[in-house]
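Quick notes on the structure that follows.
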Amino acid sequence: MGRTIASLRVRLSLLALCFQLRITLSATPEEIEKHLQMGKSLLAQGQYQDALSHYHAAVEGDPSNYMTHFKRATVYLAIGKSKAALPDLEKVIELKPDFLQARIHRGNVLLKQGRRTEAKEEFEELLKINPSNEEATRKLDEIRPAEDDIANAKELKENGDCESALAMLAKPVELSPWDPMLRSLRADCYMMVGKYMEATGDFRSLTKLAADPTVYYFKLSDLQYQLGYLEDALREVRECLKLDPEHKACYPHYKKLKKLSKQLLGAEEAMGEGRHADAVTKLESALKTEPHIYSYVHQAKTKICHCYAEMKDIEGAMTKCNEALEMDENNVDALCDRAEMFILKENFEDAVSDFQKAKNARGDSQKANDGLNRAQKLLKQSQKRDYYKILGVKRTATKPEIIKAYRKLAVQYHPDQYKGDDKQEAEKKFIEIAAAKEVLSDPEKRAKFDAGEDPLDPEAQGGGGGGWPFHAGGFGGQGFQFKFHFN
C-alpha cells in the first residue's frame with residue numbers, strides 16, 4: 001500500500017512538471033510581451049514582488065531574450081536583492097556583450113559587495129567598448145585610491161592607531177558598503193577607540209552580509225549587554241540560536257542573559273507589589289549573576305537601597321545607598337533614599353544636604369524638590385518642638401508604641417502624681433506630652449508633622465485654630481481644669 005502511494009506521488013509530480021514545461025515551451029511572443037508590460041506597470045506602481053512574478057514568467061518563456069533578464073535584474077536591484085540580480089546581469093552580458101547598462105549595473109554591484117578587482121575588470125571592459133563612458137572612468141578613479149586606503153588602514157590598525165585607520169576607511173566603506181571585510185575591520189577599530197554605538201551599527205550590518213552571521217549576532221549581543229541593553233542583547237542572541245541552537249558562544253551567553261533578565265524583572269514585579277524583602281533577595285541574586293558590569297551592578301544596588309528605605313531599614317538602606325553613591329555620587333534615587341533615612345534618624349541637616357545634591361544633579365526631579373522642601377521644614381521644626389522627642393519614640397513608632405510612651409510620661413508628670421518641686425516646669429512638660437500624643441496618635445496630624453508642618457502651631461496654620469490643648473494656669477488654679485484620658 002505504501003509503495004503504491006509513493007509511486008502515485010512520483011507520477012503526479014512528473015505530470016505536473018511536464019505540464020509546467022509544456023506551458024513554458026508553448027508561451028507565445030504575445031504572452032511574453034504581456035508579462036513584460038504587466039511587469040513594467042506593476043513596477044511603476046511600486047508593486048515589486050508582483051512585477052517580479054511577471055518577469056519570472058517572461059524569462060521562463062524566452063530565456064534567450066537579454067532584455068527580459070535585464071528587466072528582472074532591475075527589479076531585484078530595486079528591492080535590494082543585488083545577489084539575485086548578478087546572474088541575470090551576467091546572462092545579459094553573455095547574450096549581448098555590448099549592452100553597456102548591464103555592465104554598469106554589474107560593476108556597481110560588485111563594487112558595493114567589495115569585489116573591487118572584478119568591478120575594476122568590468123569597468124575596464126566597458127571602456128574598451130565605449131572609451132568615453134564617464135561613469136566607468138569615475139569608478140576606476142575611485143577604486144584605485146580606495147585599495148591603497150584599505151591597505152594603509154590595515155597597517156594603521158596593526159600599529160594600534162585606530163583613529164587614523166577609521167579616517168582612512170571612510171571612503172572605501174562608502175564605495176563598498178556591503179563588504180563584510182571592511183565592516184568587520186571598521187567595527188574592530190570602533191571597539192578599540194571606545195565608539196561602541198558605531199560598532200553596533202557595523203555588527204548589525206554584518207549579520208546580513210557575512211557568510212556566517214552567527215559570529216556577528218554574538219558580538220552584537222555581547223556588546224549590547226556590556227552597554228546595559230539587556231533586552232536588545234537577548235533579542236540578538238536569539239537570532240544566533242535560530243541559526244544554530246547549540247552555538248558554542250551564543251547558547252551559554254543566552255542562558256546567562258535569560259537568568260539575569262528573569263531576576264531583574266522578578267525584582268521589579270516584587271517592588272510593584274510592595275514585597276520589598278523579596279525584591280532584595282532577587283536583586284542580590286542578580287548581583288551574583290552579574291557582579292562586574294557597571295550598568296547592572298549600579299541598577300541593582302540603587303534598587304536594593306530603595307527597598308531597604310521602603311522597609312524603614314535604616315542600616316541596610318544606608319549601606320546600599322552608600323555603595324550606589326560610591327559608583328555615582330550624583331545618583332538622584334540613592335541620594336533621595338539616603339536623605340529619607342537621615343530624616344528617620346532625625347539628622348535633618350544631612351537630609352537637606354542630600355536632597356540639595358539630588359536637586360543640583362537633576363533640577364526637574366519632583367522627588368528631590370519635594371524632599372528638599374520637606375527636609376528644610378523638618379530642620380526648622382526640629383529647632384522648635386519635636387513631638388517624637390517629647391515622647392521619646394522613634395519616627396517609625398507605631399500608634400500603640402506612642403500611646404504606651406504617652407501613658408508612662410503622663411503618669412509621671414500628672415498634677416496629682418508629680419512629686420517634684422518645680423510644679424511650673426512639670427505643668428509645661430505635661431502640656432507638651434498631651435500635645436505630642438494629640439498629634440502623633442492622629443494619622444492626619446502626624447502626616448502633617450512628618451511633612452514638616454506643626455498642626456498645633458497657629459503660625460503654621462495661618463493663624464487661629466489648633467494651638468495647645470491646655471490653657472495657662474498653675475496646678476489646681478482656678479483657670480485650669482485637667483481632663484486626663486489614657487487612650
Side-chain angles (χ1 to χ4, degrees), residues 12-13 15-115 118-119 122-123 126 133 135-136 139 173-180 183 201-202 204-211 213 216-217 235-236 238-239 242-243:
L12 288 172
S13 297
L15 283 171
L17 182 61
C18 291
F19 181 71
Q20 289 174 0
L21 182 61
R22 187 168 61 83
I23 290 174
T24 300
L25 293 173
S26 64
T28 64
E30 291 78 14
E31 289 172 331
I32 293 170
E33 183 60 29
K34 184 177 179 181
H35 281 303
L36 290 173
Q37 290 301 321
M38 284 295 295
K40 182 179 179 181
S41 174
L42 291 165
L43 188 61
Q45 298 172 41
Q47 299 180 36
Y48 299 115
Q49 292 298 334
D50 291 336
L52 198 57
S53 65
H54 284 283
Y55 286 126
H56 285 327
V59 168
E60 290 169 1
D62 186 5
S64 64
N65 186 333
Y66 75 90
M67 189 53 69
T68 58
H69 284 283
F70 181 72
K71 288 182 177 179
R72 185 168 70 174
T74 60
V75 178
Y76 278 132
L77 292 173
I79 60 177
K81 293 186 175 181
S82 59
K83 287 183 180 179
L86 274 179
D88 272 334
L89 292 171
E90 288 163 358
K91 188 65 177 179
V92 173
I93 294 168
E94 177 190 326
L95 294 170
K96 189 171 176 58
D98 62 346
F99 191 6
L100 301 184
Q101 200 59 35
R103 289 189 178 275
I104 287 289
H105 279 312
R106 181 174 182 269
N108 283 332
V109 170
L110 292 171
L111 180 56
K112 287 182 177 179
Q113 290 180 341
R115 296 160 66 178
E118 294 173 74
E122 186 64 82
F123 290 128
L126 192 154
N133 188 283
E135 185 170 359
K139 292 296 183 182
V173 173
E174 183 183 332
L175 282 176
S176 304
W178 305 334
D179 184 350
R183 290 280 185 174
D202 276 336
R204 183 166 281 111
S205 295
L206 283 161
T207 62
K208 298 177 178 62
L209 299 172
Y216 296 102
Y217 274 124
R235 183 181 64 247
E236 301 301 341
R238 286 189 182 107
E239 292 299 318
K242 285 179 185 177
L243 299 171

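All residue numbers in this chain count up from 1 along the given sequence.
Taking the side chain as every heavy atom from C-beta outward, Leu52 and Tyr76 approach each other to under 4.5 Å. With a 4.5 Å cut-off on side-chain heavy atoms, Ser176 and Arg115 do not count as touching. In this structure, Asn108 and Glu135 have side chains that are in contact, with non-hydrogen atoms separated by less than 4.5 Å. Taking the side chain as every heavy atom from C-beta outward, Leu111 and Glu122 never approach each other to under 4.5 Å. Between Met67 and Lys96, the closest side-chain pair of non-hydrogen atoms is not below 4.5 Å.
Side-chain atoms of Ser41 and Gln45 form a donor-acceptor pair, as typed in the model, at a separation below 3.5 Å.
Using modelled atom types, one side-chain atom of Arg103 and one backbone atom of Pro97 make a donor-acceptor pair closer than 3.5 Å. The backbone N or O of Val59 sits nowhere less than 3.5 Å from a side-chain atom of His69 that would complete a donor-acceptor pair. Here the side chain of Ser82 pairs no donor or acceptor atom with the backbone of Leu77 at under 3.5 angstrom.
A salt bridge (Lys or Arg N to Asp or Glu O under 4.0 Å) check over residues 86-95, counting only residues at least two apart or in different chains, returns the pairs Arg72-Asp88, Glu90-Arg106, Lys91-Glu94. Sorted by first then second residue, the ring pair (Phe, Tyr, Trp, His ring centres under 6.0 Å) pairs that include residues 44-65, not counting sequence neighbours, are His35-His54.
Distance check, rounded to the nearest 0.5 Å: CD1 of Ile104 to NZ of Lys139 gives 8.5 Å. Taking CZ from Phe99 and OH from Tyr66, the interatomic distance works out to 5.5 Å, rounded to the nearest 0.5 Å. Note: Lys40 NZ to Thr74 OG1 = 11.5 Å, rounded to the nearest 0.5 Å. With values rounded to the nearest 0.5 angstrom, Leu36 atom CG is found 9.0 Å from Asp62 atom CG. Tyr217 contributes atom OH, which lies 4.0 Å from atom OG1 of Thr207 (distance to the nearest 0.5 angstrom).
In plain terms, the two heavy atoms of Pro213 and Ala210 that are nearest each other are CD-O, 3.8 Å. Smallest separation of non-hydrogen atoms from Thr68 and Ala58: CG2-CB, 4.1 Å. Closest approach of Pro180 and Leu206 over heavy atoms only: O-CD2, 3.4 Å. Nearest approach of Pro63 to Leu95, heavy atoms of both residues: O-CD1, 4.1 Å. Across all their heavy atoms, Ala136 and Leu126 have their closest contact at CB-CD2, 3.8 Å. Across all non-hydrogen atoms, the minimal contact from Leu89 to Ala73 is CD2-CB, 3.8 Å.
Note on Asp202 versus Arg204: no salt bridge recorded, every NZ/NE/NH1/NH2 to OD/OE distance being 4.0 Å or above.
Residues forming a side-chain hydrogen bond (donor to acceptor under 3.5 Å, both in side chains) with Glu33 (at least two apart in sequence, or on another chain): Gln37.
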(message) The test is salt bridge (charged side-chain N to carboxylate O under 4.0 Å, His left out); show your working for Lys242 and Glu239 and say whether it passes.
(response) CA-CA 5 Å; Lys242 285 179 185 177; Glu239 292 299 318; 3.0 Å; yes
